[in-house]
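Some notes on the structure that comes next.
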Amino acid sequence: MTGKSPRKKVDALYWQGRLRVAQAYLEAAQQTYLLAQVGQGCNPVVSQIVLSAIAFGDSLTAKRAQVVNQQAHAQAPRLLRDVLGNLLPDGRSVATDAS
């Protein structure tokens, strides 16, 4: 019995659909934030942002290597690193730049 790979091959234009989905999730997060009442939990906004980030990551890896992550989202950074290599900044430099 073979294990299922965390990566799935996709067709050459798959990235375009994932990009549209990512943008839609981001727009939904922005609209939800604008409609939120003072004191209201922000879980719906955060959920939309997370879904947007996942879809953006899929779009990048699909465009560059025609592959997406299909299992645990914790593996997404590794796939991004494998596909984008040095184009993806390491976590230390991102954290340093943000401070």
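Just so you know, residue 1 is the first one in the sequence shown, and it goes up from there. Heavy-atom basis, side chains included; hydrogens, waters and symmetry copies ignored.
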Minimum heavy-atom distance between [X] and [Y], given as atom pair plus value:
X: W15; Y: S59; value: O-OG, 3.1 Å
X: L35; Y: Q40; value: O-OE1, 4.4 Å
X: F56; Y: L19; value: CE2-CD1, 3.6 Å
X: A22; Y: S52; value: O-OG, 2.9 Å
X: A29; Y: Q48; value: CB-CB, 3.5 Å
X: A76; Y: N69; value: N-ND2, 3.8 Å

Exercise. Is the count of non-hydrogen atoms from other residues, nucleotides or ligands lying under 6.0 Å from D11 atom CG greater than 12?
Worked result: yes

Problem set entry | Greater than 12 external heavy atoms within 6.0 Å of Y14's OH | yes

Rounded to the nearest 0.5 Å, what's the gap from [atom1] on [X] to [atom2] on [Y]? Could you check?
X: L87; Y: L80; atom1: CG; atom2: CG; result: 11.0 Å
X: R7; Y: Q75; atom1: CZ; atom2: CD; result: 8.5 Å
X: L13; Y: Q66; atom1: CG; atom2: CD; result: 8.5 Å
X: L79; Y: Q70; atom1: CG; atom2: CD; result: 11.0 Å
X: K63; Y: D58; atom1: NZ; atom2: CG; result: 15.0 Å

Exercise. Can you check side-chain contact (heavy atoms from CB on, under 4.5 Å) on R18 and I54, steps first, answer last?
Worked result: CA-CA 9 Å; R18 288 304 282 164; I54 292 167; 4.1 Å; yes

Exercise. Under the 3.5 angstrom rule, does the side chain of T61 hit a backbone N or O of V67 as a donor-acceptor pair?
Worked result: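 Yes: the side chain of T61 pairs with the backbone of V67.
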
Problem set entry | Side-chain donor/acceptor of T32 to backbone N/O of P44, under 3.5 Å |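 The answer is no, because no donor-acceptor pair under 3.5 Å joins these two groups.
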
Exercise. When hydrophobic residues are tied together by side-chain contacts of less than 4.5 Å, even through go-betweens, does I49 share a cluster with L51?
Worked result: no

Exercise. Regarding E27 and Q23, is there a side-chain donor-to-acceptor distance under 3.5 Å anywhere?
Worked result: no

